Amino acid sequence: MLHVPGETLGVVIVDHGSRKAAANDMLLEVVALFKRVAGVTIVEPAHMELAEPTIEQAFDRCVAQGATLVMVHPYFLSPGRHSTTDIPTLVATAAAKHEKIQYRVTESLGLDEKIALLIESRISECLRRGIPRHV
């Protein structure tokens, strides 16, 4: 369970955003899973572009729910331009309206053994279903 003494934690999980609703809807499932696993009550989804809610809207929602510290997590695999430059810039703009609210932007998912285990799991699932024959 995540807890920051003296603060009310809000989390924004940001993906790229898509024109496809199904892709955007998956972020809602990620947010629900994170809330359950991490025990954080204030968690909002955001899309960097192409869809709503925006980072600013999600940040505002966290503050409206009482967050005094907003952690923003770029739900990206690699530390590319979006996660290292674009998202921090959008977060700073959103935070400017809330002078008393602290915020931080985490690193992207990056390199972690848990990701390798997840890839292994996906491969195992595929193998259990059978190997299709391709020419």
Side-chain angles (χ1 to χ4, degrees):
M1 178 179 256
L2 288 173
H3 176 71
V4 182
E7 300 289 348
T8 301
L9 180 62
V11 175
V12 176
I13 300 177
V14 183
D15 71 1
H16 186 276
S18 175
R19 289 184 179 88
K20 294 184 177 185
N24 294 328
D25 290 347
M26 186 174 180
L27 185 61
L28 301 176
E29 295 176 44
V30 170
V31 165
L33 177 63
F34 177 79
K35 284 176 90 167
R36 182 177 54 78
V37 170
V40 178
T41 57
I42 303 172
V43 184
E44 292 292 331
H47 306 290
M48 190 192 76
E49 59 187 18
L50 302 175
E52 291 188 345
T54 64
I55 290 172
E56 183 173 358
Q57 290 167 333
F59 197 101
D60 290 347
R61 290 176 184 170
C62 285
V63 173
Q65 293 173 70
T68 59
L69 170 62
V70 178
M71 299 295 297
V72 179
H73 174 67
Y75 187 62
F76 289 68
L77 285 176
S78 303
R81 181 178 53 95
H82 287 328
S83 64
T84 62
T85 303
D86 299 339
I87 290 173
T89 299
L90 291 166
V91 172
T93 300
K97 298 188 321 189
H98 307 281
E99 293 178 8
K100 296 183 180 183
I101 304 301
Q102 297 182 63
Y103 71 93
R104 302 282 184 280
V105 179
T106 74
E107 292 183 20
S108 59
L109 293 170
L111 188 60
D112 190 294
E113 188 173 303
K114 294 175 194 88
I115 292 174
L117 293 172
L118 180 59
I119 293 168
E120 177 188 36
S121 173
R122 294 294 186 256
I123 291 169
S124 292
E125 290 170 16
C126 189
L127 289 171
R128 278 193 301 274
R129 290 191 305 262
I131 300 172
R133 304 213 184 256
H134 293 287
V135 178

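Worth saying up front: this structure is predicted, and the values here are computed from it rather than measured.
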Asker: Tell me which pairs pass salt bridge (Lys or Arg N to Asp or Glu O under 4.0 Å) where either residue lies in residues 7-17, with sequence neighbours left out.
Answerer: none
Asker: Is there a donor-acceptor contact under 3.5 Å from the side chain of T68 to the main chain of T8?
Answerer: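 Flag set: sc T68 to bb T8 pair under 3.5 Å.
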Asker: If hydrophobic clusters are built from ILVMFWY residues whose side chains come within less than 4.5 Å, do V43 and V12 share one?
Answerer: no
Asker: Give the minimum heavy-atom separation between A46 and A58, together with the two atoms involved.
Answerer: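 Nearest heavy atoms, A46 then A58: CB-CB, 3.7 Å.
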Asker: Just by distance, do the side chain of T89 and the backbone of T85 share a donor-acceptor pair under 3.5 Å?
Answerer: yes
Asker: Taking the side chain as every heavy atom from C-beta outward, state whether K35 and V31 have any pair of such atoms under 4.5 Å apart.
Answerer: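 Yes, side chains in contact.
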Asker: Go through it in stages, so that I can follow the logic: the residues are E29 and L33, the test is side chain to side chain contact (heavy atoms under 4.5 Å, CB included), and I'd like the CA-CA distance, side-chain angles, deciding distance and then a yes or no.
Answerer: CA-CA 6 Å; E29 295 176 44; L33 177 63; over 6 Å; no
Asker: A quick test of your reading: do over 12 heavy atoms of other residues, nucleotides or ligands sit less than 6.0 Å from NZ of K97?
Answerer: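 Counting neighbours around NZ of K97, more than 12 heavy atoms of other residues, nucleotides or ligands fall under 6.0 Å, so yes.
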Asker: Whether the side chain of E120 engages the backbone of A116 through a donor-acceptor N/O pair (distance < 3.5 Å, no angle test) should be reported.
Answerer: no
Asker: For D25 and K20, run side chain to side chain contact (heavy atoms under 4.5 Å, CB included): C-alpha distance rounded to whole Å, both residues' side-chain angles, the deciding distance at 0.1 Å, then the answer.
Answerer: CA-CA 9 Å; D25 290 347; K20 294 184 177 185; over 6 Å; no
Asker: Quick check on F76: does its CZ atom have over 12 non-hydrogen neighbours (other residues, nucleotides or ligands) under 6.0 Å away?
Answerer: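 Correct, the count exceeds 12.
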Asker: State, to 0.1 Å, how close P74 and E107 come at their nearest heavy-atom pair, and which atoms those are.
Answerer: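 Nearest pair, atom of P74 first, then E107: CD-O, 4.1 Å.
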Asker: In this structure, are over 12 heavy atoms from other groups packed under 6.0 Å from E125 atom CD?
Answerer: yes
Asker: If you group Ile, Leu, Val, Met, Phe, Trp and Tyr by side-chain heavy-atom gaps below 4.5 Å, do L69 and L2 land in one group?
Answerer: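 Per the 4.5 Å side-chain linkage, L69 and L2 are co-clustered.
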Asker: Do I115 and I123 share a hydrophobic cluster (ILVMFWY, side-chain heavy atoms under 4.5 Å, transitive)?
Answerer: yes
Asker: Donor-acceptor pair, N24 side chain versus S18 backbone, under 3.5 Å?
Answerer: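 Such a contact is found between N24 side chain and S18 backbone.
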Asker: How about L111: does its CG atom have over 12 heavy atoms from other parts shown lying under 6.0 Å from it?
Answerer: no
Asker: Quick one: do I87 and I101 end up in the same hydrophobic cluster if we chain Ile, Leu, Val, Met, Phe, Trp and Tyr together by side-chain heavy atoms under 4.5 Å apart?
Answerer: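 Same hydrophobic cluster.
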Asker: Identify the heavy atoms of C62 and V11 that sit nearest to each other, and give their distance.
Answerer: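 The pair with the smallest heavy-atom distance is SG-O, 3.8 Å.
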Asker: Are any non-hydrogen side-chain atoms of P53 and E44 less than 4.5 angstrom apart?
Answerer: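 The answer is no, as the side chains (C-beta and beyond) never meet within the 4.5 Å cut-off.
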Asker: Considering all heavy atoms of both residues, which atom of M48 and which atom of I55 are nearest to each other, and what is their separation?
Answerer: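 Shortest heavy-atom separation between M48 and I55 comes out as CA-CD1, 4.4 Å.
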Asker: Group every Ile, Leu, Val, Met, Phe, Trp and Tyr by side-chain heavy-atom contacts under 4.5 Å, then state whether Y75 and V37 land in the same group.
Answerer: no
Asker: So K114 and L118, side chain to side chain contact (heavy atoms under 4.5 Å, CB included) or not? Walk me through it.
Answerer: CA-CA 6 Å; K114 294 175 194 88; L118 180 59; over 6 Å; no
Asker: If you compare all heavy atoms of L9 against all heavy atoms of I42, which two are closest, and at what distance to 0.1 Å?
Answerer: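 Answer, listing the atom of L9 first, then I42: O-CB, 3.6 Å.
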Asker: Can you list every pair that meets ring pair (Phe, Tyr, Trp, His ring centres under 6.0 Å) and has a residue in residues 3-43, with sequence neighbours left out?
Answerer: H16-H82
Asker: Measure across P79 and S108 and return the closest heavy-atom pair with its distance rounded to 0.1 Å.
Answerer: N-OG, 3.4 Å
